A.B. asks: 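Here it is, the structure, as structure tokens.
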Amino acid sequence: MELTINHYLVLSAILFSIGTAGVLIRRTGIVILMSIELMLNAVNITLVAFSRYQQQVTGEILVFFVMAVAAAEAAVGLAILVVVYHHKKSVDVDEINSLRR
Amino acid sequence: MNFSEYAWLIVFSPFIGFLINGLVGRKFSEKTIGLIGSLASTLSFVISVLIFFQYSALSQKAPIQIDLFKWIVAGGINVSIGYQIDSLSLVMVLVVTGVGSLIHFYSIGYMHGEKGFARYFAYLNLFMFSMLNLVLGNNILLMFLGWEGVGLCSYLLIGYYYETDYAPTAGKKAFIVNRIGDFGFLIGIFLIIQNFGTLNFTELSTVVAKGTSVGNDTIFWITLMLFVGATGKSAQIPLYVWLPDAMAGPTPVSALIHAATMVTSGVYMIARLSFLYVLAPETMAIVAFVGGATALFAATIGTQQNDIKKVLAYSTVSQLGFMFMAVGVGAFTAGIFHLVTHAFFKALLFLGSGSIIYALHHEQDMRNMGGLRKKLPVTFFTFLMGTLAIAGTPFFSGFFSKDEILWKVFNYSSLLFWMGALAAMLTSFYMFRLVFMTFFGEMRYHEHGGHHVHESPAVMTVPLIILAVLSVFGGFMGIPHVLDVFHVGNYFEHFLSSSVKDSLPIVFGTKEEWGTMSLSVIIAIIGFTIAYVIYLKKKYVPGDDSTIKGYKKVIYNKYYVDEMYERTVISGTIRISKTVYEYFDKLVIDGIVNGVGKSIRRIGEGIRGTQTGLVRDYMLTMIIGVSIMLVYVLVNKFMMIRL
Amino acid sequence: MESLIKPAAFYFFSAVAVVTAIMVIVKRNPVTSGINLVLTFCSISAIYVLLNSQFIAVIQVLVYAGAIMVLIIFVIMLLNLRPVESIMDKSTGVRIAAIFVFVTALGVSLAAILTSGGISGRSGGITDEFLAKTGTIQVISRSLFSEYLLPFELTSLLLTVAIIGVVILAKGMKVRKKTGPGSE
């Protein structure tokens, strides 16, 4: 039984959908951040899979950049959450609706 | 050095003056403002004089064309901003800039201490700019631009004292009445574009000279519509009503715009398009008789007015009637000649009346004047010169030009001649009536404490003297041949002949010319005598408005023409407007506008619920959108495979 | 024998990844979610190894499991977050929409993957045999420091900006409050 690219892509799709669902249903800011990391990882799997099956290195380089961005995003996102928590004493995103005003 | 290369500076020098005074003038002193405005105008005059001398030395007087740039290029229409220098436009430019500059200087004295001094000079310079575009433009559209520009400046300057009740109303009246005329002018322009395909004067005259296929009916309508424009701008029956009211503006404005230059632009327009008008004898007849009727009608009104400026205003309407009579019978040179001399003596009379009004602290009613001869000697003397000129005293300028018109008219129609002669007699009467009531008799003006009547400053009297000299001797440039004992020839007619030629055949001989000339002198003397008897011998002074009775009351109230217009045209328009407002504006237009607003508001209120402010909701929407796109792509793909 | 180990490993790690991922989003306690996410990342790292991409596998563990997750858990501890009563949103509309979106996204992606006719396009020639000889790190770094040097340097800029941003966010509020003399 040979592992085809589709195996990896299906895994990636499942993880991505789980991440999406997490972002949508959860109200805790930190869990939403984790879900986003999950989605990024799902994409990374796709990139590496394509890269390997195309016998190229480009996809892996892109993953490298995605990780750098993810690290920056996590740092900034967490900092924002800390600030929000200072203001509202909560990280519940339903409380953060100042876009409405 | 070829001065005509600098012709654009004639036009744009006042414009620069307008920009300086209009934009930053408020910061300057009165002296600076006045000098900027006057020198901008004087520069135009100097260049015009230089060009005039150069041009008149030419043996072959072809029009000089100065094309600055293309203005409108659309389809077959090609209109440029370009100026045309020929003898006709040079005469006009000299009058406009010459008289205009004198009035600019005069205004420095007259407007001293007025609020909005810079505004005044800015408008005055803008007027000069527009007027010069009107007379120098080489096509009808540029002429129309100037035509509208002078109308705008006229409106602005009539309403100069905008804090009063009457001035803004008079300004609006002038503007609206002119609008009616301009409507006709525009239709005339459209007809020319449709039938000739060009607006350039030179091209038009070439087309017409070659023999055009355009029918006589069309040319009749073109010329008639243009004449409707002229009746508005030049205050002829039935659109003359705005000019007497226009006296609400400062007196130098009345002199410049409402006597010397702007109101004569209708005459200039007909002379400029004389090659078209001669093809439509019916229009010419209408022009001549409208002119004759206006001359007579306005002169009768002038005999009973007590406001010094109103008398001069009706006098202007009447004199413009003379000019239209002249161009109507085909004596274009005589019309332009009278235009020039009239510019001299009417500007002089208005400025003289301004000097009186200035001395009497804005008293305009002649019933409160009298005996000013000794108090205002310079004003009196120059005013007398102007009066002698307009009344047609032999060898004064008005004598030559008016006599020329009457003689030419006599060759056309004796009825028209008698109308003109009667108007001339009335002119002599009301002018001397004015002089006697103002300068002779007892002084009826009560000097208030500290305010003594004294002569105006030199900046006002010097222009008066210059204009008086011109009024006295200006006629000698157009000596009729019966008086030409030294055989110098009619210089004016000769000079103009390169651009305008009379179409009127002279049917009578020298004997009749002597006859009309002596008749007009006799007529002037009759008018003078009547005025002398009533106002100097009997020392008659009209009583208050309530004491005026009978036919005098009708005339004093200007035959109730304004009231008639009020009852018919104005109230009719207002009633129609109100009906339209009630049923069309309120229901249809407001309904549509408010409906659009309301429905957008309702849609907005509906959609507002989706804006929760929660980022997650926005993300949900986004994912739904992306999913729909993906489904669409997939479905498309399956369809492709299926096919 | 070897042909069986690879698929077996793949299915094992995939199952771990999916299950722990689900745990991440359904656990009420954020700390539990975080621990599960670490496990997910480690499984994904194993998947990378199966793809013969050892370098990515290593930095996956270092960056994600090591750096990012430690930071997240640190923040959870710092804010002392309590387990929530319900993981789901209060409104049923959002729940239905979320489930609908989850099903659609998954369905559409799977349909797209399974109906695709395999990969096409240019083959790069970096085969597993080639990698076995030279090693992944050398191939990646050669490409990274030549062809992709500018993006690589820009990454450092991005990280610097992120650091500055974080410092401003975390500290800025307090600095702004103290405006009296003597404050920095």
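Only a predicted model underlies this, so the values are computations on that prediction, with no experimental measurement involved. A, B, ... follow the sequence lines: proteins, then strands. Residue 1 opens every chain.
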A.B. asks: Applying side chain to side chain contact (heavy atoms under 4.5 Å, CB included), run through C:Ile56 and A:Met67 and close with a yes or a no.
C.D. replies: CA-CA 10 Å; C:Ile56 298 293; A:Met67 282 182 181; 4.2 Å; yes
A.B. asks: Nearest 0.5 Å, what's the CD1-CG distance between C:Ile22 and A:Leu38?
C.D. replies: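 Here the interatomic distance stands at 10.0 Å.
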A.B. asks: Side chain from CB out, backbone as N, CA, C, O: work out which of these in C:Ile163 comes under 4.5 Å of a heavy atom of chain A, or both, or neither.
C.D. replies: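 For C:Ile163, there is no contact with chain A at all, as no heavy atom is under 4.5 Å.
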A.B. asks: For the candidates C:Leu159, C:Ile140, C:Val103, which exhibits the highest count of non-hydrogen atom pairs separated by less than 4.5 Å from chain A?
C.D. replies: C:Ile140
A.B. asks: Could you please spell out the steps behind the side chain to side chain contact (heavy atoms under 4.5 Å, CB included) verdict for A:Asn44 and C:Tyr64?
C.D. replies: CA-CA 12 Å; A:Asn44 281 355; C:Tyr64 275 113; 3.9 Å; yes
A.B. asks: Examine whether an atom of A:Val69 lies under 4.5 Å from a heavy atom of chain C, and if so say whether it belongs to the side chain, the backbone or both; otherwise answer neither.
C.D. replies: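 For A:Val69, backbone and side chain are both near chain C.
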A.B. asks: Which bit of C:Leu37 is near chain A, if near means a heavy-atom gap under 4.5 Å: side chain, backbone, both or neither?
C.D. replies: side chain
A.B. asks: To the nearest 0.5 Å, what is the distance between CZ (A:Arg52) and OH (C:Tyr48)?
C.D. replies: 13.5 Å
A.B. asks: Looking only at heavy atoms and a cut-off of under 4.5 Å, which of A:Val23, A:Thr4, A:Leu33, A:Ile14 has the most pairs with chain C?
C.D. replies: A:Ile14
A.B. asks: May I ask you to name which of A:Gly77, A:Ala70, A:Ser35 has the most heavy-atom pairs under 4.5 Å with chain C?
C.D. replies: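 Max contact count across the listed options: A:Ala70.
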A.B. asks: Quick check on C:Ala21 against chain A: is it the side chain, the backbone, both or neither that has a heavy atom closer than 4.5 Å?
C.D. replies: both
A.B. asks: Picking from C:Ile68, C:Leu50, C:Leu158, which has the most non-hydrogen pairs under 4.5 angstrom with chain A?
C.D. replies: C:Ile68
A.B. asks: Is there a side-chain contact between A:Met34 and C:Met69, using heavy atoms and a 4.5 Å cut-off?
C.D. replies: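 They are in side-chain contact.
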A.B. asks: Quick one: of C:Leu81, C:Val139, C:Val161, who has the most non-hydrogen atom pairs under 4.5 Å with chain A?
C.D. replies: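 It is C:Leu81.
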A.B. asks: Side chain, backbone, both or neither: which part of A:Ile18 has a non-hydrogen atom closer than 4.5 Å to chain C?
C.D. replies: both
A.B. asks: Less than 4.5 Å to any heavy atom of chain C: does that hold for the side chain of A:Phe16, its backbone, both, or neither?
C.D. replies: neither
A.B. asks: What residue, out of A:Val57, A:Val82, A:Leu40, A:Val63, has the most heavy-atom pairs lying under 4.5 Å from chain C?
C.D. replies: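 Of the candidates given, the most pairs with chain C belong to A:Val57.
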A.B. asks: Against chain A, label C:Ser14 side chain, backbone, both or neither, depending on which of its atoms sit under 4.5 Å from a heavy atom there.
C.D. replies: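 Both backbone and side chain.
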A.B. asks: Is any side-chain heavy atom of C:Phe102 closer than 4.5 Å to one of A:Ile25?
C.D. replies: no
A.B. asks: Side chain from CB out, backbone as N, CA, C, O: work out which of these in C:Ile44 comes under 4.5 Å of a heavy atom of chain A, or both, or neither.
C.D. replies: side chain
A.B. asks: Which heavy atom of C:Leu110 sits nearest to which heavy atom of A:Ala13, and what is that distance?
C.D. replies: CD2-CB, 4.2 Å
A.B. asks: On the 0 to 90° scale, with breaks at 30° and 60°, tag the C:Phe152-A:Phe64 ring pair as parallel, tilted or perpendicular.
C.D. replies: parallel
A.B. asks: Taking atom CG of A:Leu11 and atom OH of C:Tyr11, what is their separation to the nearest 0.5 Å?
C.D. replies: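 So the CG of A:Leu11 and the OH of C:Tyr11 are separated by 10.5 Å.
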A.B. asks: Rounded to the nearest 0.5 Å, what's the gap from CG on C:Leu51 to CD1 on A:Ile45? Could you check?
C.D. replies: 8.5 Å
A.B. asks: For the backbone of C:Ile25 and the side chain of A:Arg26, can you confirm whether one donor and one acceptor N or O come within less than 3.5 Å of each other?
C.D. replies: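 Such a contact is found between A:Arg26 side chain and C:Ile25 backbone.
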A.B. asks: Should we count CD1 of C:Ile137 as having more than 12 external heavy atoms under 6.0 Å?
C.D. replies: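 It does not: C:Ile137 CD1 has 12 such atoms or fewer within range.
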A.B. asks: At a heavy-atom separation under 4.5 Å, does A:Leu15 approach chain C through its side chain, its backbone, both, or neither?
C.D. replies: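 The answer is the side chain of A:Leu15.
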A.B. asks: Parallel, tilted or perpendicular, judged at 30° and 60°: which one describes the rings of C:Phe10 and A:His7?
C.D. replies: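 It falls in the perpendicular class, over 60°.
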A.B. asks: If I measure from the heavy atoms of chain A, does C:Ser53 come under 4.5 Å with its side chain, its backbone, both, or neither?
C.D. replies: both
A.B. asks: Can you tell me which portion of C:Gln60 sits under 4.5 Å from chain A's heavy atoms? Options are side chain, backbone, both or neither.
C.D. replies: both
A.B. asks: Measure distances from A:Ala42 to the heavy atoms of chain C and classify the residue's part below 4.5 Å as side chain, backbone, both or neither.
C.D. replies: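 It is neither, since no heavy atom gets under 4.5 Å.
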A.B. asks: Looking at chain C, which one of A:Ile80, A:Leu81, A:Val76 has the largest number of heavy-atom pairs inside 4.5 Å, strictly under?
C.D. replies: A:Val76
A.B. asks: Please determine, among C:Leu154, C:Ile76, C:Val63, C:Thr40, the option with the most heavy-atom pairs under 4.5 Å with chain A.
C.D. replies: C:Ile76
A.B. asks: In Å, rounded to the nearest 0.5 Å, how long is the span from CG of C:Asn80 to OH of A:Tyr85?
C.D. replies: 6.5 Å
A.B. asks: Need one label for A:Leu9: side chain, backbone, both or neither, based on atoms under 4.5 Å from any heavy atom in chain C.
C.D. replies: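 Both backbone and side chain of A:Leu9 come within 4.5 Å of chain C.
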A.B. asks: Which bit of A:Ile32 is near chain C, if near means a heavy-atom gap under 4.5 Å: side chain, backbone, both or neither?
C.D. replies: neither
A.B. asks: Quick check on C:Tyr148 against chain A: is it the side chain, the backbone, both or neither that has a heavy atom closer than 4.5 Å?
C.D. replies: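 Contact with chain A: backbone and side chain both.
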